[in-house]
Amino acid sequence: MEEENKRFSTQPLKGMEDSYPSNLRLDNWIIDQIRDIIEVYCYEEYSGPLLEPIEIFAAKSSEELVQEQAYWIKDKRNKKLILRPEITPTLARMIARKSQEFKKPIRWYSVPTCYRYEDTQRGRRREFIQFNVDILGENSLYAELEILNIIIDILTSFGATSEQFQIYYNNRRFIDAICDFILKVPKNKISLIYNLLDKSNKLEEKEFLETINDNFKEEIIKQGILILKDAKSIQEVLNKFNNIPDQFLESQGYKELSEIENLIQDLDITEYCSFASNVVRGLDYYTGTVFEVFDTGKENRRAIFGGGRYDNLLSLFSNEELSGIGFGMGLLMLKLFLETYNLIPEEIMNSDYSDVIYIASINIKQSQYAHKIARELRYEEFPCIIDYRFENLGNQLKKASELGVRVSLILGPKEMEQNRITIKNMVTEEQKIVEFDNIIDEIYNIFDDLD
RNA sequence: AGGUGAGUAGUGUAAUAGUAGCAUUGGAGUCUGUGAAGCUUCAGGUGGUGGUUCAAAUCCUCCCUCACCUUCCA
């Protein structure tokens, strides 16, 4: 007889999330707090387009990132565009375009929403917000220190302690030097070493040994990998290798890593930072220092985020050489970390009407008067709400009470006639009639009393 | 890509083949110049398709989504 209307699903797309006010309040609270930290280090915020030509990702990011994980579209002229899966290529493009314009070092940060078409799991969505903090054109290792400090400040500002997180650092050139000068690993197999180290904590001991045996025959290399895997300090690595050639001690990688270690000691942040030779990071463009921040909890030891130093950021766009170091931090993973340790204050989750002025009126004739008052209050930056029912005062006050409002104004024919306002302290239930001109002072008085 | 588990009003839960119920939330009122209780009332649901059956939230199929794990990768 009649056709039922087909309704659409109210679910967002897989891996995407609706941000209701209660969620967004939390996100914004976290973002604001991080922003405060980054800005006292004098980093400036930048942002770029959500859509980019696909080539700048195809060239620099990994093949897989673009081929399998990218959202892309064709525009009306059939040009292939990508929804950014990360913002670093955009940063590179922006810097390259005007690189002469900026004083070095460049300290920038961004809070982009990025997209990756991948399988969702804990801490991973298809749409995500990722803090990116980079310092560019500062080649000294003090840049590394600054980044470490920022990370420590961010996490401790939420109340996290060194018991709860730890920054594990390493240096790719250090690993390179060991491979070159001590283990004599063929050049083309170095990336395999990276891979193995990266996996060393994820695989069972037995599996790991098998994987090593599958890939390398030389006993010295096999032993070398195991030494690296377990080493807790640079000194320990050196102690366990025999016959360390001078070439190694002269190498950039060894020098850099030792220097970083010294700086960390000088700055007295050793409680937050540890050497870990198995931290190498997946991305190819990292060249020097690399680090990962871990949740050290025994139950769910896991990486929260990481970063490192990359040379030649601009190589896609120009010949100019610019080195940088930075990190990318997913908001979601950070949230999970904070939740784990109960570092999110409960009051953030609830909406707060405690500073709101609620305007209730006896009847519709007070409409204009109510608006006049609201205008005055808002001009003074008091948030206020007019109840548009303009009748049945009891129900209006009930609503105010339910919202948690602490100050209500009541307008009736009497008040309007005399240009006055009834102001009611909802907590003490006291009320009085005041002159229109005094209303601001009276509101301050009530809030002062209550606080 | 593979694996495990789960989907019943906004939320939390009952109904194991036989009337989809309870609580809470939401709206309106009770109460036309005074709020938090109580009461009244309204709204809102079996993720979707197909099948078995007299009868499906319940059994079967496929799909979707969520959670977690593995793989992969920031």
Side-chain angles (χ1 to χ4, degrees), chain A residues 6-18 20-22 57 61-70 84-88 112 114-126 128-132 195 198-199 202-204 207 279-286 290-293 300 302-308 310 326-334 336 353 358 360-366 387 389-416 421-433:
Chain A
K6 271 285 177 201
R7 296 293 162 82
F8 297 115
S9 167
T10 57
Q11 283 178 318
L13 293 171
K14 184 185 179 70
M16 315 264 168
E17 203 176 36
D18 297 324
Y20 288 88
S22 56
F57 287 87
S61 306
S62 73
E63 193 82 352
E64 193 190 352
L65 196 61
V66 173
Q67 292 300 324
E68 321 220 336
Q69 297 191 345
R84 62 180 176 212
E86 54 166 337
I87 203 170
T88 305
C114 301
Y115 295 83
R116 278 181 205 164
Y117 190 93
E118 52 181 350
D119 294 307
T120 55
Q121 51 182 284
R122 185 179 170 83
R124 191 176 297 176
R125 300 264 166 75
R126 289 181 177 178
F128 56 95
I129 292 173
Q130 189 182 53
F131 262 93
N132 281 74
N195 225 313
D198 193 34
K199 286 199 171 125
K202 297 169 189 164
L203 293 180
E204 295 292 320
E207 271 181 287
V279 168
V280 291
R281 309 285 296 156
L283 280 182
D284 288 341
Y285 55 68
Y286 290 114
V290 286
F291 57 86
E292 277 178 6
V293 182
N300 48 353
R302 61 194 171 171
I304 312 172
F305 63 96
Y310 38 84
F327 65 89
M329 176 174 62
L331 181 62
L332 184 57
M333 275 308 287
L334 178 64
L336 292 172
Y353 281 81
Y358 201 87
S361 314
I362 302 300
N363 69 53
I364 188 69
K365 294 195 176 115
Q366 281 83 56
D387 194 314
R389 282 178 286 194
F390 295 116
E391 62 178 20
N392 203 339
L393 183 61
N395 286 346
Q396 297 185 59
L397 290 178
K398 187 174 180 177
K399 178 76 69 183
S401 176
E402 283 167 358
L403 290 173
V405 166
R406 297 190 300 171
V407 175
S408 293
L409 307 184
I410 298 167
L411 313 177
K414 272 188 297 181
E415 286 89 344
M416 193 167 67
I421 298 164
T422 295
I423 179 168
K424 174 158 187 155
N425 181 330
M426 300 293 282
V427 179
T428 64
E429 302 192 28
E430 291 163 337
Q431 67 180 51
K432 60 178 172 176
I433 299 180

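Note on naming: letters A, B, ... go to the chains in the order of the sequence lines (proteins, then strands), and numbering restarts at 1 for each one.
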>> On RNA chain B, does the nearest nucleotide to A:F128 precede the nearest nucleotide to A:T120 from the 5' side, or the other way round? Give the residue.
In response: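 The residue whose closest nucleotide sits nearer the 5' end is A:T120.
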>> Let me spell it out: for each of A:G307 and A:M426, pick the nucleotide of RNA chain B with the closest heavy atom. Which residue's pick is nearer the 5' end?
In response: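 The residue closer to the strand's 5' end, by nearest nucleotide, is A:M426.
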What is the base-pairing partner of [N], counting Watson-Crick and G-U wobble geometry with both distances under 3.5 Å?
N	value
B:G38	B:U30
B:A6	B:U65
B:A17	none
B:U71	none
B:U11	B:A23

Which value, rounded to the nearest 0.5 Å, describes the distance between [X] atom [atom1] and [Y] atom [atom2]?
X	Y	atom1	atom2	answer
A:N392	A:Q396	CG	CD	7.5 Å
A:I423	A:Q431	CD1	CD	10.5 Å
A:E402	A:Y358	CD	OH	9.0 Å
A:M329	A:L334	CE	CG	5.0 Å
A:R124	A:D119	CZ	CG	9.0 Å
A:K365	A:M416	NZ	CE	8.0 Å

Spacing of the [atom1] atoms in [M] and [N] (rounded, Å):
N	M	atom1	result
B:A9	B:A14	P	13 Å
B:G50	B:G12	C1'	32 Å
B:U61	B:A56	C1'	15 Å
B:C60	B:U4	P	15 Å
B:C31	B:C66	C1'	45 Å
B:C68	B:U30	P	48 Å
B:G44	B:U24	C1'	13 Å
B:G18	B:C59	P	11 Å

Mind checking if [X] touches a base, just sugar-phosphate, or nothing, with heavy atoms under 4.0 Å?
X	answer
A:E429	base
A:S408	nothing
A:G330	nothing
A:G404	nothing

Rounded distance (Å) that lies between atom [atom2] of [N] and atom [atom1] of [X]:
X	N	atom1	atom2	result
A:Y358	B:G35	OH	P	14 Å
A:E402	B:U25	CD	P	9 Å
A:I423	B:G35	CD1	C1'	16 Å
A:D387	B:G27	CG	C1'	13 Å
A:R125	B:A67	CZ	C1'	10 Å
A:E391	B:C31	CD	C1'	12 Å
A:L13	B:C66	CG	C1'	14 Å
A:Q69	B:U71	CD	P	15 Å

Between the base of [N] and the side chain of [X], is there a donor and acceptor pair under 3.5 angstrom?
X	N	result
A:Q396	B:U34	no
A:K398	B:U34	no
A:D119	B:A1	yes
A:R124	B:C73	yes
A:Q121	B:U71	yes
A:E415	B:G33	yes

Please state whether the phosphate of [N], meaning OP1 or OP2, lies under 4.0 angstrom from any side-chain nitrogen or oxygen of [X].
X	N	value
A:K14	B:C66	yes
A:N395	B:G29	yes
A:N392	B:G33	no
A:K399	B:A36	no

Ignoring the backbone of [X], work out which of [options] is nearest its side chain.
X	options	answer
A:R122	B:C68, B:G35, B:A74	B:C68
A:T422	B:A74, B:U34, B:G35	B:U34
A:R389	B:G33, B:C73, B:G29	B:G29

> Angle class for the A:Y310/A:Y286 ring planes (parallel below 30°, perpendicular above 60°, tilted otherwise)?
Replying inline: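 A:Y310 and A:Y286: tilted rings.
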> Within 45 degrees of the axis of the six-membered ring of A:Y115 and under 6.0 Å from its centre: does A:R126 put its NZ or CZ there?
Replying inline: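 No; the conditions do not both hold, so A:R126 does not lie above the ring face of A:Y115.
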